[in-house]
J.: 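Quick one: the structure is below, and I'll ask about it shortly.
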2 protein chains.
Amino acid sequence: MDERKKTILKAIVDDYVATAEPVASKALVRNHNLQLSSATIRNVMAELEDMGYLEKPHTSAGRMPSDKGYRAYVDNLLSVPPISKEDEKAIRDFLSVNVNKAQDLIERTVECLSKQTNYVSVALSPEYSDSSIEQIKIMMIEPGRAIVVIVLSAGVVHDRLIRIPAMLDEKQLNSIAHSIERCLTGKKLDDITLITISSAAEGTGLPDALVNQVLYEAYIAIKQTEKIEVFIDGRHRLLQHPEFKDVERASRFYSVLRQTQMVAGYMRDVQQEEEAKCRAAMFDQYDDDAEKELSVRKPAYMVRIGQEINIEGMENASFITTTYRMGGEIAGQIGIIGPKRMNYGDMIAQISFVNKAMSAEARRHCGLPPEDENDFEMYPFEAQE
Amino acid sequence: MDERKKTILKAIVDDYVATAEPVASKALVRNHNLQLSSATIRNVMAELEDMGYLEKPHTSAGRMPSDKGYRAYVDNLLSVPPISKEDEKAIRDFLSVNVNKAQDLIERTVECLSKQTNYVSVALSPEYSDSSIEQIKIMMIEPGRAIVVIVLSAGVVHDRLIRIPAMLDEKQLNSIAHSIERCLTGKKLDDITLITISSAAEGTGLPDALVNQVLYEAYIAIKQTEKIEVFIDGRHRLLQHPEFKDVERASRFYSVLRQTQMVAGYMRDVQQEEEAKCRAAMFDQYDDDAEKELSVRKPAYMVRIGQEINIEGMENASFITTTYRMGGEIAGQIGIIGPKRMNYGDMIAQISFVNKAMSAEARRHCGLPPEDENDFEMYPFEAQE
DNA sequence: ATTAGCACTCTTTGACTTAGAGTGCTAATA
DNA sequence: TATTAGCACTCTAAGTCAAAGAGTGCTAAT
């Protein structure tokens, strides 16, 4: 694809994103000083259409980008602008509240991102299976009920009410609790099974039946911790966009969004694909293994457009996601879902910055020093031109 | 209003609710055997319109109920049908899961109610200011962080992570915790102030600065407990109804629903009004004071229609709410919000039954015996006819 | 290789018509 | 006196048509 085609494709995408109307050859000449006549543009547009980058709603209408067109745009033509000072301040202010739990920060971040982008924002809680238990406590609340508190690294705390045998008194429960504590502290979540945990039963001197119920409930509490939570906000904003003027379509879209576990699964798949792609790219670039190792990092952001999203009812949507880190290795995903027609450059800038601000906030909360700014590569490539 | 007018008004509301189309005189004759000609019906309809019970979208259209019409219908013409066996089973099954927290049950109930009615369902967490603290525990999680667990009656548990001075060790924290426990156990939430709590500071032998931070955080945790939580579900269902075919309107409606605190406030106001009304009615009915006292009970359900709802953007909606009880005196509200045009009878039946099932479930969870069925008055009056 | 020019296509808009559903009123009827 | 048949009138919904306008695609000229 020659330079001129690129310029024109970019101009078309930009215009279409701005207006939501098919872009005409004359309009292009008017709005971008291309130094070409509309007739020439028309010829180029026809070629771009043949190549599959553009589409026409009908013969005598302007062109709009196809999925392939958007893809080319995002991969090669995109310029990610710097975020405005106001946005930067707005995001920082919105996120710099004192939260007590990692989850609260994620929730707030999702809200922030949705506000900034005016689309739906989704976050997945971090993947903890690699983390280990720093502490686990079980405490009596009243006869028959107790609370389990599980502390992972990076200040992530989960708690859960459980039922325990009614005849268990506080002292007995404490003895079981200590036994569990000894047995599980430092263990990786992934490595904990019902068998691991049942070894804690020994040495309490209590009847197995009593102990086992507590162990089982504790186990459930731990497994619950591993479950990926999905945070989602901003659904109400979708209706403001012209692509959702059709209630039918909006309704269908909402029912997809309700299947949060599927959305989460999809986001994780995307992440894996992109990591693989990233690794492959690095492999080509470096010979030195050490360097290779160093450079293996998460992709800065991931985009999926229209049909690329293999979910029924998402044909007209796009995902932009990225990986956030909450200090250490604990990482989850956050992103937005909107119509295909979105300002990819601006959106990526917003997501990147929100992500950065959130990660900084998370480190602050855990008392870690701020991350080296340079280590945080915001954009994989700078604005072209 | 004579009998015939009533019959016809009822028929019109029923038809309009069923079809969402203005009801014509001929259609009434066809669908209800009124033994009258359409001309007579027309005359009656004209009178009902003069009286303010009906409206016409334009001169040559059928009639639809006005807010006043709906109000008359709900107050005098409504027949609440018994709920179907299938619905009964569906509700019971849906709610009979083992939850660990009162809040989880409320959440599930809201989901259930929304499913059953196909409208938005809202619940308010119980009003706890009258409850007292059965237990309050504070436990160290790691240096600088602790968890506060507050147990109210009826098995309601709230917990919250707090920050504590980093130099406070576990022993010291425990000493403060015990002091707080001694000071607050049995106290009504309403009666707890920063002053009450600060008296717990004495006798720990620790520097005031350290103790005060913990006290303050504990205080916040307690106040947090009092805050009314709003549970809401089923927003996505609204788009399925013809009254929300207009995206603009739907969008406005959603932005009102987002102001959860306002919705909650409104629900509580309604509750107060109705309780007052209820009391007044009882006052007329009985002379004996003792009887009066006995009969003061929550109204079975409350309805607010269209303009009666004094919230900008709710002019076309209706509320149906009721009071749920979670064992003892702990009570909150649950209800639905939908378009004015809804099947009030069926909806009231659903709400009443969901409420009943939920209350039963709640008692089960706290280990209370099932409530006396007769004590639970489902409908204030039975189907008329 | 580019462009001016023109024929052709398709959508949008508004005006107009028609069919149909409904009412309101009047005069006849029980 | 209450009810009803009948008819004129009103309003909407849907269809047709023409005209305007925005675009394209192609051809021939530059």
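Every heavy atom of this structure was used, including side-chain atoms; hydrogens, water molecules and symmetry mates were not. In what follows, chains carry the letters A, B, and so on, assigned in the order in which the sequence lines appear, proteins first and then strands, with residues in each chain numbered from 1.
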J.: Within this structure, what is the CD1-to-P distance between I8(A) and dA1(C), rounded to whole angstrom?
T.: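 Going from CD1 in I8(A) over to P in dA1(C) covers 15 Å.
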
J.: Does any N or O in the side chain of S25(A) come within less than 3.5 Å of the main-chain N or O of I41(A), such that one atom is a donor and the other an acceptor?
T.: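 No; judged by distance alone, with no hydrogens or angles, the pair does not exist.
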
J.: Using whole Å, what does the distance between atom P of nucleotide dA2(D) and atom CD of E47(B) come to?
T.: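 So the CD-P distance, E47(B) to dA2(D), works out to 10 Å.
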
J.: Is the phosphate of dG24(C) approached by K56(B) (side-chain N or O, under 4.0 Å from OP1 or OP2)?
T.: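 So the side chain of K56(B) is within the cut-off, an N or O lying under 4.0 Å from OP1 or OP2 of dG24(C).
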
J.: dA13(D) pairs with which nucleotide, Watson-Crick or G-U wobble, both distances below 3.5 Å?
T.: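 Per the H-bond distance test, dT18(C).
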
J.: Let me know the distance between CG of L28(A) and P of dA22(D), rounded to the nearest Å.
T.: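 So the two atoms are 16 Å apart, to the nearest Å.
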
J.: Map R4(B) and G62(A) onto DNA chain D by nearest heavy atom, then report which one ends up closer to the 5' terminus.
T.: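 Mapping each residue to its closest nucleotide by heavy atoms, the 5'-most match is R4(B).
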
J.: Rounded to whole Å, please give me the gap between CG in D15(B) and P in dA21(C).
T.: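 From D15(B) CG to dA21(C) P: 17 Å.
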
J.: Donor-acceptor pair, S114(A) side chain versus V110(A) backbone, under 3.5 Å?
T.: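 A pair under 3.5 Å: no.
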
J.: Between dG22(C) atom C1' and Y16(B) atom OH, what is the distance in whole Å?
T.: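 So the OH-C1' distance, Y16(B) to dG22(C), works out to 16 Å.
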
J.: Now, which nucleotide makes the Watson-Crick or G-U wobble pair with dA29(D), with each of the two distances under 3.5 Å?
T.: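 Per the H-bond distance test, dT2(C).
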
J.: Looking at E243(A) and R249(A), is there a salt bridge between them, counting it only when a charged N and a carboxylate O are closer than 4.0 Å?
T.: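 No, no charged N to carboxylate O under 4.0 Å.
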
J.: Of all the nucleotides listed (dG24(C), dT23(C), dT24(D)), which has the minimum atom distance to the side chain of S25(B)?
T.: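 Output: dT23(C).
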
J.: Using a 4.0 Å heavy-atom cut-off, write out nucleotides 3-16 of chain C from 5' to 3' as B (base contacted by protein), S (sugar-phosphate only) or - (no contact).
T.: BBB---BBS-----

J.: For the pair E86(B) (side chain) and S84(B) (backbone), establish whether a donor and an acceptor sit closer than 3.5 Å, ignoring hydrogens and angles.
T.: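 It does not hold such a pair.
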
J.: State plainly whether the residues R4(A) and E47(A) are in salt-bridge range, i.e. N to O under 4.0 Å.
T.: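 Answer for the salt bridge query: no.
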
J.: Would you mind classifying the nucleic acid contact of K26(A) as base, sugar-phosphate or nothing, using non-hydrogen atoms under 4.0 angstrom?
T.: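 Nothing, no heavy atom under 4.0 Å.
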
J.: Under the salt bridge (charged side-chain N to carboxylate O under 4.0 Å, His left out) test, which residues partner K26(A), sequence neighbours left out?
T.: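 K26(A): no salt bridge (charged side-chain N to carboxylate O under 4.0 Å, His left out) contacts found.
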
J.: Tell me whether the side-chain N/O atoms of R30(A) come closer than 4.0 Å to OP1 or OP2 in dA22(D).
T.: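 For R30(A), the contact criterion (side-chain N or O under 4.0 Å from OP1 or OP2 of dA22(D)) is not met.
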
J.: Rounding to an integer number of Å, can you tell me how far I12(A) CD1 sits from dG23(D) C1'?
T.: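 After rounding, the gap between these two atoms is 13 Å.
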
J.: Look at E49(B) together with R63(B) and state whether they make a salt bridge at an N to O cut-off of under 4.0 Å.
T.: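 So E49(B) pairs with R63(B) through a salt bridge.
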
